[in-house]
Amino acid sequence: MTDDTDSRKDTADTPVLIAGGGPVGLALATELGLRGIACVLAEKRDGSLPVPKMSQASTRSMEFCRRWGIAEQVRNAVWSASHALDFVYLTSLTGFELARQRVPSYAARGHLPYSPEGPTHCPQIFFDPILAGRAKSLPGVSLRYNTALTGFTQDSGGVTATLADSVGGAEETLRAAYLVGCDGPGGLVREALDIPLDGLGTIARSINIFFRSPSLAALHDKGWARFYRTIDETGCWGELIAIDGEALWRLTVFHDSSEAFDAGAYLRRCAGQPFEYEIISAQPWDRRDYVAERYGQGRVFIAGDSAHQCSPTGGLGMHTGVEEAVNLAWKIEAVLRGWGGAALLDSYGPERRPIALRNVELSTQSYRNITGIPAVQHITEPGAAGEEARAAFGRQLADTQLYSVVDHHKVQYCYEDSPVCIPDGTPPPEEGVEYVPSARPGTRAPHAWIEEGTSTVDLFGDGFVLLRLGAAPPSGQVLEDAAAARGVPLRIVALEDEGIAGIYQQPLVLVRPDGHVAWRGPAVPEDALALIDRVRGAA
Ligand SMILES: Cc1cc2nc3c(=O)[nH]c(=O)nc-3n(C[C@H](O)[C@H](O)[C@H](O)COP(=O)(O)OP(=O)(O)OC[C@H]3O[C@@H](n4cnc5c(N)ncnc54)[C@H](O)[C@@H]3O)c2cc1C
């Protein structure tokens, strides 16, 4: 779909066309809108969501929501602040509890050491409309539902896309400087660019049963939890998730490839007895493991599930896609405004693809750990044999951390080998269960409270920020002048607090508009222009 012979320099109808209005397309529209970059988002459906896929916005996604001004709304959308967020391992809801990973409620958890936010339960049927509302509120953002991207060509001046009205079928042509395919698994944009997928492919055929049951919570004695994982003599076969903390639930059956399945039988097996329910939908789906070999071509990029798909075990799908939207948005802005160099947009794939590979691998590993929980005879039986089986099983499951992804690993990720970050030769911190803050170039700049309610994370988003840290940091004037000479927006922020200086480890730290460290050092290097050119992709 590339036609490089056409070198028209025509005026685009819109700077950016986004195909797909899932959470990643909406995140990109919001980021661009906040940066003053107009965009058209074309979504082929009407904007309503039939099923909740994503249920948890990750800590990093919540940091973005905080910047977009919707964190409170997302946090308060459905889940009660006093409901625990535990993972419970049980034979059935009315059966025996085997183990429990305690995850405190919002009210009880207090501040996390690594973020001003925290993982937040807000299933997609509630999350997407909040994000769509924010995107729509921004001048220059146009959300067009019932509008499908049906094809495109690109040339050196832009992208010409055809859009079709999903209801009436009327077609139109739209010219954009850039096209971003956020069009989900099997999306047209990746396929048109003929980008192959790397990975294991389908690792299981699973079933989602979305149902309503206002009486289910009162049926059992396990209390509110986010996940109830069910284990019987066949092993760990499913997980029930509380969708709205009231009446909506989703049961995922990990593996069932049969054409005809009995959704009601699965619900009764999970509850351990008959109960009243209304099935809203029961759908088989492929649990996949893949990452696209490239993240775009020319003026066309892909992001989100279009670029990768992972097992939901770990809550890394939307998380990864939203980070991509944020990575791409400031680079598009920089290039459109003229201060981004030719290599800036080229850095999108090299920075993001390794993160997606890692997240997909972690998700598959987590799925295998959960479904690899061994089957134990007698585990559901009352009496001595059952008690012995459950006690042995509980001991095996003591390290329940194995069955989810450590939260701070999702926050502190680093663009190693980025062409637009300047490494300082320090090694990465060990990735253990304990959080060790890091401000190595490439890493998401670490959180520290500056004052009540204000985090270092809140400083970043617009242009570059040069942090001057500690009691007597060197002047950043030369770097500010170099940035001004290249038209790069840069603000200097002085933070005297020695605790924060200790976390960042150098007195000067340059942070990008997406909140990642681009460079740090004891003083501005002699060739400040070269530094600025490198981080703006013009070196
Ligand atoms: C059971 C389950 C649980 C999950 N739980 C979590 C979780 O807890 N946390 C998490 O971070 N992630 C989770 N995920 C993953 C998450 O749901 C996805 O990663 C996320 O929805 C991807 O967003 P997206 O915008 O890239 O794609 P999608 O949500 O698939 O959206 C793509 C959009 O593009 C539209 N579209 C497609 N083609 C076109 C076209 N040609 N023109 C216009 N529009 C088009 C589609 O209609 C769709 O609205 C889960 C997934 C599943 C299946």
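For ligands, and for the atoms within them, numbers begin at 1 and follow the listed sequence. Keep in mind that the numbers below use all heavy atoms, side chains included, and drop hydrogens, waters and symmetry copies.
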- [ ] Give the minimum heavy-atom separation between V189 and A19, together with the two atoms involved.
- [x] CG2-CB, 4.3 Å
Open item on the list: Starting from atom 30 (O) of ligand 1, what is the nearest protein heavy atom, named by residue and atom, and what distance separates them?
Closed with: K53 NZ, 3.6 Å
TODO: May I ask whether A42 has any heavy atom positioned less than 4.0 angstrom from an atom of ligand 1?
DONE: yes
TODO: Would you tell me which option among G20, P23, G184 has the nearest heavy-atom contact to atom 29 (O) of ligand 1?
DONE: P23
Task: S55 N/O to ligand 1 N/O under 3.5 Å - done: yes
TODO: May I ask you to check whether N208 has an N/O atom sitting below 3.5 Å from an N/O atom of ligand 1?
DONE: no
Task: Proximity flag V189 to ligand 1, non-hydrogen atoms under 4.0 Å - done: no
TODO: Using modelled atom types only, decide if a donor and an acceptor are shared between the side chain of R287 and the backbone of I203 within a distance under 3.5 Å.
DONE: no
Task: T147 side chain vs Y145 backbone, donor-acceptor pair below 3.5 Å - done: yes
Open item on the list: Under a 4.0 Å threshold between the charged nitrogen and the carboxylate oxygen, would R353 count as salt-bridged to E324?
Closed with: no
- [ ] Using distance alone, determine whether E43 and ligand 1 share an N or O pair under 3.5 Å.
- [x] yes
Open item on the list: Could you report the tightest heavy-atom contact between F211 and L251, atom names first, then the distance?
Closed with: CE2-N, 4.1 Å
Task: N/O separation below 3.5 Å, L149 to ligand 1 - done: yes
Task: Close N or O approach (W285, ligand 1; < 3.5 Å) - done: no
Open item on the list: Under 3.5 Å between any N/O of D305 and any N/O of ligand 1: does that happen in this structure?
Closed with: yes
Open item on the list: We want to know whether Q412 and R444 form a side-chain donor-acceptor pair, criterion being a heavy-atom distance below 3.5 angstrom.
Closed with: no
Task: Heavy atom of the protein closest to atom 31 (O) of ligand 1 (residue, atom name, distance) - done: G22 CA, 3.5 Å
Task: Option whose closest heavy atom lies nearest to atom 21 (O) of ligand 1, chosen from M54, Q124, R45, M318 - done: Q124
Task: Any A27 heavy atom less than 4.0 Å to ligand 1 - done: no
Task: Heavy atom of the protein closest to atom 52 (C) of ligand 1 (residue, atom name, distance) - done: P312 CG, 3.5 Å
Open item on the list: Considering both backbone and side-chain atoms of V24, is one of its nitrogen or oxygen atoms within less than 3.5 Å of a nitrogen or oxygen in ligand 1?
Closed with: yes
Open item on the list: Heavy atoms only, cut-off 4.0 Å: how does C182 contact ligand 1, side chain, backbone, both, or neither?
Closed with: backbone
- [ ] Work out which heavy atom in S105 is nearest to a heavy atom in H83; give both atom names and the distance.
- [x] CB-O, 3.1 Å
Task: Contact check: P185 vs ligand 1, nitrogen or oxygen atoms, below 3.5 angstrom - done: no
Task: R299 to Y178 six-membered ring, cation-pi geometry met (6.0 Å, 45°) - done: yes
Task: Close approach, A148 and ligand 1, non-hydrogen under 4.0 angstrom - done: yes
Open item on the list: I'd like to check whether Q56 has a polar contact with ligand 1, where a contact means an N/O of the residue lying under 3.5 Å from an N/O of the ligand.
Closed with: yes
Open item on the list: With the threshold set at under 4.0 angstrom, would you say G321 reaches ligand 1 through any of its heavy atoms?
Closed with: no
Task: Pairs involving residues 25-48, ordered by first then second residue, that meet side-chain hydrogen bond (donor to acceptor under 3.5 Å, both in side chains) (sequence neighbours left out) - done: E31-R35, E31-R67, E31-W68, R35-E333, D46-S48
Open item on the list: Both conditions, 6.0 Å and 45 degrees, for the charged tip of R229 above the ring of W237: are they met here?
Closed with: no
- [ ] Ignoring hydrogens and angles, tell me if any N or O in the side chain of T313 forms a donor-acceptor pair with the backbone of S363 under 3.5 Å.
- [x] yes
Task: Identity and distance of the protein heavy atom lying nearest atom 44 (N) of ligand 1 - done: K44 N, 3.1 Å
Open item on the list: Between Y228 and A225 (side chain of the first, backbone of the second, donor and acceptor by atom type, cut-off under 3.5 Å), is there such a pair?
Closed with: yes
Open item on the list: So D13 and T173, do their side chains get closer than 4.5 Å, heavy atoms only?
Closed with: no
